[in-house]
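Report on one structure; see the data block that follows.
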Amino acid sequence: MKLISSTAIALVIGLSAAPAAAQMGGTYGASAPQPLPTPSQTSTSQTGQQATAPAKGGVKPSSKALKALIDLQKAVDANDTANIPAKVAAAQAVATTKEDHYLVGQLELKAALAAKDNAAMSRAIDVIASSGYESAADVAQLYMALGNTYYQAKQFDPAAAAFEKGMALNPQNTDLLLNLGEARFSQGRAADAVGLFQRAIQAKVAAGQKPGEDVYKRTVRIAYDSKLASAPEVTREWIAAYPSPDSWHNALAIYRNLSQPDAATQVDILRLARATKSMGGTGDYNIYVSETANQANYGEAKAVLDEGISSGKIKASDPIVQQMQSALKGKGAPTAAELTSREQTAKIPTAYLKVGDAYYGAGNFQKAAELYGKAAAAGADANLSNLRRGESLAQAGDKAGATAALTKVSGSLGEIAKYWLVYVQRQG
């Protein structure tokens, strides 16, 4: 007789492709992330060949179960759907070894595949799993393929259940984590989906592998669209792994959209955008220039505006840009002597902060850090002072000093400090 071989089951399963999340489309502005693709998943899609048992390497049934298994295989090969259930029951009744039970499950699975009966596939795989014949990793692959089939049929609850069974057998399979994440998202459980994606990312990193950027983007997309509290965290994980002007722009835009910081606070975010070369269009420059000018930090305002024009990110012919130029007309950057005089006459906390801002705008970051430190010592807001001191030291290339200052920041500014810390940790 011919029975399906131990390797053929992994090939004949073929069920379907992996979960595919809804494609993201559309055009995004300066304050929205770009379209994020679905991570690729592992699936089984080959067809196997039968092998003759009990040939070497095949699965040898017991003599007690042999006839019942032959009868069952004949019914399955003939697609005798009326008699298959009875033949399955008869074979199960005489199965005594793990090989017997495994072969019953294989044949049940073959019949279920022919009938495109998902529930029957699930029962067959359960039989294969309980037989103890196949390795846990191989059975986990069967459950993943089953989950994919359920997912494609938009049966998300049984899909998730199948993926969970696979994970129980092979917790290190990150594809199962990702697929379960997609199923959870489709079930309306976005927070769980993000947590599963993060677990998959962490598992790959722990194994010395770098997850694909599409996995990070998918995680960010779900967290952002669902307005989850974890959105800033996952954007920072993304830019830490894949820093680029595009990822930095999107990460900071997501944070700004979700947190809605006031104009003064946006300066600290846009300073980071400038440092990472991720400034957006006219809108970003208008906020940055206008707010620094409102704080009488004309040196930084003018430097940012000139940089935007020279880089081509904004056009001098743009009416908004022309308005910014008009507002700064006659308001040049302070001279070194003027900065020294302002520093010497500063007596109150806010004065130290303003002189620190002026030094930052002049590009004297070490001196700016010193003034922000004096502001903190004089009683200025500790979080703001340490944030700006950290920004300055980061720009000065003092990685240790910047880290020390930024880790002291808490409250609403703490999230911005964490973005700066990602930038600092990427420095040499």
In chain order, what residues pass the side-chain hydrogen bond (donor to acceptor under 3.5 Å, both in side chains) check against K302, with sequence neighbours excluded?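 With sequence neighbours excluded, K302 shows a side-chain hydrogen bond (donor to acceptor under 3.5 Å, both in side chains) to D306, given in chain and number order.
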Can you list the residues that meet the side-chain hydrogen bond (donor to acceptor under 3.5 Å, both in side chains) rule with Q325, with sequence neighbours excluded?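 side-chain hydrogen bond (donor to acceptor under 3.5 Å, both in side chains) list for Q325, sorted by chain: empty.
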For the student: nearest non-hydrogen atoms of [X] and [Y], plus distance:
X: N79; Y: A114; result: OD1-CB, 4.4 Å
X: V321; Y: I309; result: CG1-CD1, 4.0 Å
X: A417; Y: L387; result: CA-CD1, 3.9 Å
X: A223; Y: S230; result: CB-OG, 4.4 Å
X: L353; Y: S385; result: CD2-OG, 3.9 Å
X: A136; Y: L169; result: CB-O, 3.5 Å

Regarding [X] and [Y], does a basic nitrogen lie under 4.0 Å from an acidic carboxylate oxygen?
X: E233; Y: R236; result: no
X: D192; Y: R199; result: no
X: E182; Y: R218; result: yes
X: K374; Y: E370; result: yes
X: R388; Y: D381; result: no
X: R271; Y: E300; result: yes

Acceptor/donor pairs from residues 120-129 side chains to any protein atom, 3.5 angstrom cut, sequence neighbours excluded:
residue, atom, partner, partner atom, Å
D126, OD1, Y143, OH, 2.5
D126, OD1, K165, NZ, 3.1
D126, OD2, K165, NZ, 3.3

Check ring-ring contact (aromatic ring centres under 6.0 Å, His included) between [X] and all other residues, then give those that pass, not counting sequence neighbours.
X: W420; result: Y423
X: Y359; result: none
X: Y419; result: Y255
X: F156; result: Y151

I need the [X] [atom1] to [Y] [atom2] distance, nearest 0.5 Å.
X: N297; Y: N294; atom1: CG; atom2: CG; answer: 11.0 Å
X: L196; Y: F163; atom1: CG; atom2: CZ; answer: 11.5 Å
X: L178; Y: M144; atom1: CG; atom2: CE; answer: 9.5 Å
X: D268; Y: L384; atom1: CG; atom2: CG; answer: 6.5 Å
X: S392; Y: Q366; atom1: OG; atom2: CD; answer: 9.0 Å
X: K277; Y: D246; atom1: NZ; atom2: CG; answer: 16.0 Å

Using the rule side chain to side chain contact (heavy atoms under 4.5 Å, CB included), only one of D357, I287, V304, T292 pairs with V267; which is it?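 The side chain to side chain contact (heavy atoms under 4.5 Å, CB included) with V267 is passed solely by T292 among D357, I287, V304, T292.
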Pairs involving residues 310-321, ordered by first then second residue, that meet salt bridge (Lys or Arg N to Asp or Glu O under 4.0 Å) (sequence neighbours left out):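 Salt bridge (Lys or Arg N to Asp or Glu O under 4.0 Å) check on residues 310-321 returns no pairs.
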Close side-chain approach of [X] and [Y], heavy atoms under 4.5 Å:
X: P261; Y: I269; answer: yes
X: D157; Y: Y150; answer: no
X: T335; Y: L339; answer: no
X: R389; Y: K408; answer: no
X: I416; Y: T265; answer: yes
X: L406; Y: N386; answer: no

Checking [Y] against [X]: is there a side-chain donor and acceptor pair closer than 3.5 Å?
X: Q395; Y: E391; answer: no
X: S135; Y: D138; answer: yes
X: E237; Y: T219; answer: no

Sequence neighbours excluded, which residues qualify as side-chain contact (heavy atoms from CB on, under 4.5 Å) partners of A203?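 Partners of A203 by the side-chain contact (heavy atoms from CB on, under 4.5 Å) criterion, ordered by chain and then number, come out as T174.
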Under the side-chain contact (heavy atoms from CB on, under 4.5 Å) test, residues paired with P243 that sit two or more places apart: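 Result, side-chain contact (heavy atoms from CB on, under 4.5 Å) vs P243: W248, R426.
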If the condition is salt bridge (Lys or Arg N to Asp or Glu O under 4.0 Å), which residues does R184 pass it with, not counting sequence neighbours?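 So R184 forms a salt bridge (Lys or Arg N to Asp or Glu O under 4.0 Å) with E164.
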Less than 6.0 angstrom from the centroid, inside 45 degrees of the normal: does K210 satisfy that with respect to the ring of Y242?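 Judged by the rule, K210 and Y242 form a cation-pi pair.
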Would E134 and Y102 count as a side chain to side chain donor-acceptor pair (under 3.5 Å) if you check the C-alpha gap in whole Å, the side-chain angles of each, and the deciding distance to 0.1 Å? CA-CA 8 Å; E134 280 282 20; Y102 173 69; 2.9 Å; yes
Output every pair passing ring-ring contact (aromatic ring centres under 6.0 Å, His included) with a member in residues 290-312, not counting sequence neighbours, ordered by first then second residue.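 Non-adjacent pairs meeting ring-ring contact (aromatic ring centres under 6.0 Å, His included): zero.
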Take T282 and N286, measure what side chain to side chain donor-acceptor pair (under 3.5 Å) needs, and give me the verdict at the end. CA-CA 6 Å; T282 306; N286 190 30; over 6 Å; no
Ring centres under 6.0 angstrom apart (Y352, Y372):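 For Y352 and Y372, the ring centres are not under 6.0 Å apart.
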